[in-house]
Amino acid sequence: MPIARVAINVPVDTLFDYSAEHISSSDIGLRVSVPFGKKRVAGIIIDVASDTLIDSKKIKSIEQIFNETPRLPKELLDLFTFCSQYYHHSIGMVIMNALPATLRTSKPIKLPKDKISWNTMQLTLTETGKQTDLTSIPVRQRVARNLLNRFQQSGMISGSELKDSSPKIKQLIHQWLICGWITKNQRPLTTNISNNPPPLLTIEQNTAVNAISASIGQFNVWLLHGITGSGKTEVYLRLIATILEQGKQILILVPEINLTPQLEAVFQNRFPNVNLISLHSGLNDTERLQGWLQAHSGQAKIVLGTRLSVFTPFHNLGLMIVDEEHDHSFKQQDGLRYSARDLAIFRSKQIDIPIILGSATPSLESYYHALNGRYRMVKLTSRAIQNAALPLIQTIDIRMHKATNGLSQPLIHALHENLAEKRQSIVFINRRGYAPVLLCKACNWNAVCTRCSSRLVVHLRDKNLRCHHCGNQQQLSLACPECGNQDLAPFGQGTQRVTETLANYLPTARILRIDRDSTRQKDAWRTILQKIHDQEVDILVGTQILAKGHDFPNVSLIGILNPDNSLFSTDFRASERLFAQLMQISGRAGRANNKGKVLIQTEFPDHPLYWALQKQDFDTLAQSLLVERKVAGFPPYLYQAVLRAEAHKIELVLNFLQSAVNLAKRNSFIELFDPVPAQMLRLKGMERGHLLVQSTSRTQLQAFLSEWQNQLHTLSSHKIRWALDIDPAEL
Ligand code: ADP
Ligand code: ZN
Ligand code: ZN
């Protein structure tokens, strides 16, 4: 009897064998229900074999094959396999993580029915449909056979021809749409019938569109590096139009869809007759399943989604776009710790289509690949709208202008003036990357680790300095080794009570504070945006969330508090992120025809990062940051993985990590550091620690991790939870 090899949602990276009577390789990708222990669980057939190592008396058989579930295409199964191997996560868990909840159950599902407008619809046979063997339909299902035959003869049948058919035929049509044998089109597909004609491209946009169009049918990673307001979206729109004309689908990945309702409107406006769906966490199970099925069958032409949608099945994908590719929300921070951007690149290579990474401030990884020729870079260096001037960016030296509760007088003064002119302001509080470091303000010396060149963190209680990167510890001395300055103090302060202080200084201003909590609820963000647009707010106070891509047309002043924390952070990516954020938030000022102003409160007005920002010069900064990374030995010049562990007591965690170090088979390609307690030790009642591994060879690192992971399983106890994090976004 043939054997189905099935992936199941368990943390063991193996397939499970089951016998099944009528099964063949054409059933690969189907969902099944199988007995597992005492339970019945869902699985996906990954392979069909003729024999198994399991004793023929012990092997169990598949309980049910869900034929009505669409089959996962091979291309998607390949992506899952790659993802499982690369991130060292079991194949079953990878798949179940990616599927809509409804498909993770071991029960048959009621598939949502598509609305078919029988009068205007065209039904077209797909490639899958063409390849379906007529004889695979049992002879007694005469109606189905005849219908398929009819489709295979003519390729297309109009809805009006079928509208008076039997309910049975209509039922079949619904089912085949779901299976992807046929697709439906509303009217012949035309693009650009919106009321507003698209703008004339700028010269730079035109060059970008032409360059990318010229090689549209093949794999290339394009880095579209364009300053905020340079019109990257218009470049996407033109290329999307070309792909749509070829009858293909487009996947657009965005950092957070709740923050970008504007984008959806832009796409739908330009292509009013094209079926566009958004996939994001705000959908309920049915909506998600519906969207997923439409992408699978090819009905949805444009899919706009957050990181999880990189796992969407497509019928005929022609282009992928990753907007704001540098954004860290593309990396999942728990469970399967995948990078949607990196998986998207893998996927486009595998199916040989182009992918566009768009950003005003590319990640140094992508930028590096563009410099060394692996990616192709196209640039937009000026704003698309004529007269839209770049904002004026200035620093306020808070060594001269002391700040009270985080706010300096020149900033308060500017806020006053802006309020008097009835314009809106933003006060942006940088909270990223804060840990107390030792810094000499006389000569800018800072304490770095002798072993790995990370900045050391001050632990006042233990009177020492500790490297959160490699675990090294050093004596805490309070005199500067460079210039002898005697009063070194831990650097960096928090910014509490900004809102209250503002209210004191500006009693008539309407101040709105925005943070994660105030936007968590559904539609909360929409309400806030509406308030801002209706001019019911004068000053917005907030953290990172304000930096995301919104248009605030009447905002003309932006004050930045605490940016220096990131300049001297222990996280080597903090400067890169600070720059990205400041660029992005500066882009909020003066979008329409009013020139914006950005005021940065800093103790280091001469720092190269602020110079680069004032000149909007990403390239110079990126190149100097890359040199630093190369010297210090950080990515992209090497590859990292982190073993993360947590338990109720940190001692348990550190013991576990130490045993992990002890049993690792070292070789000259692998650098293995010491266990370190996490920066934020306790989270949700657990204490956490980690261990960094790095290598200049990705292949060597992967080989090491595979073997190490197997050994770690022999170590683990139920008291410890651990996971590998490949290409960690932070420690
Ligand atoms: P980015 O995404 O690069 O920050 P946007 O795509 O938001 O920039 O474009 C900024 C503004 O410029 C938008 O209002 C857009 O409609 C407008 N725009 C884009 N391209 C053109 C063009 N060729 N001519 C006129 N306006 C344009
Ligand atoms: Zn000094
Ligand atoms: Zn170190």
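Just follow the structure's listing: the first ligand is 1, and inside any ligand the first atom is 1.
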Tell me which one of Leu200, Asp323, Leu237 gets a heavy atom nearest to atom 23 (N) of ligand 1.
-> Leu200

Would you mind listing which atoms of ligand 1 come within a distance below 4.0 Å of any non-hydrogen atom of Ile227?
-> 3 (O)

Counting only heavy atoms, which portion of Arg383 has something under 4.0 Å from ligand 1: side chain, backbone, both, or neither?
-> neither

Vertex the Zn ion (ligand 3), rays to SG in Cys467 and SG in Cys470 - rounded to 10° | 100°

Of the backbone atoms (N, CA, C, O) and the side-chain heavy atoms from C-beta on, which set of Pro199 has a member under 4.0 Å from an atom of ligand 1: side chain, backbone, both, or neither?
-> side chain

Polar side chain donor-acceptor pair, Ser359 to Glu325, under 3.5 angstrom = no

What about Thr228: any of its N or O atoms under 3.5 Å from an N or O on ligand 1?
-> no

Mind checking whether Thr233 contacts ligand 1 via backbone (N, CA, C, O), side chain (CB onward), both or neither, at a 4.0 Å heavy-atom cut-off?
-> both

Proximal candidate to atom 9 (O) of ligand 1 [heavy atom criterion; set Gly358, Gly231, Ala384, Ser359] | Gly231

Would Gln424 and Ser556 count as having a side-chain donor-acceptor pair, cut-off 3.5 Å?
-> no

Should Ser230 be listed as contacting ligand 1, given a heavy-atom distance under 4.0 Å as the test?
-> yes

In terms of side-chain heavy atoms, does Ser566 have a donor or acceptor partner in Ser569 at a distance below 3.5 Å?
-> no

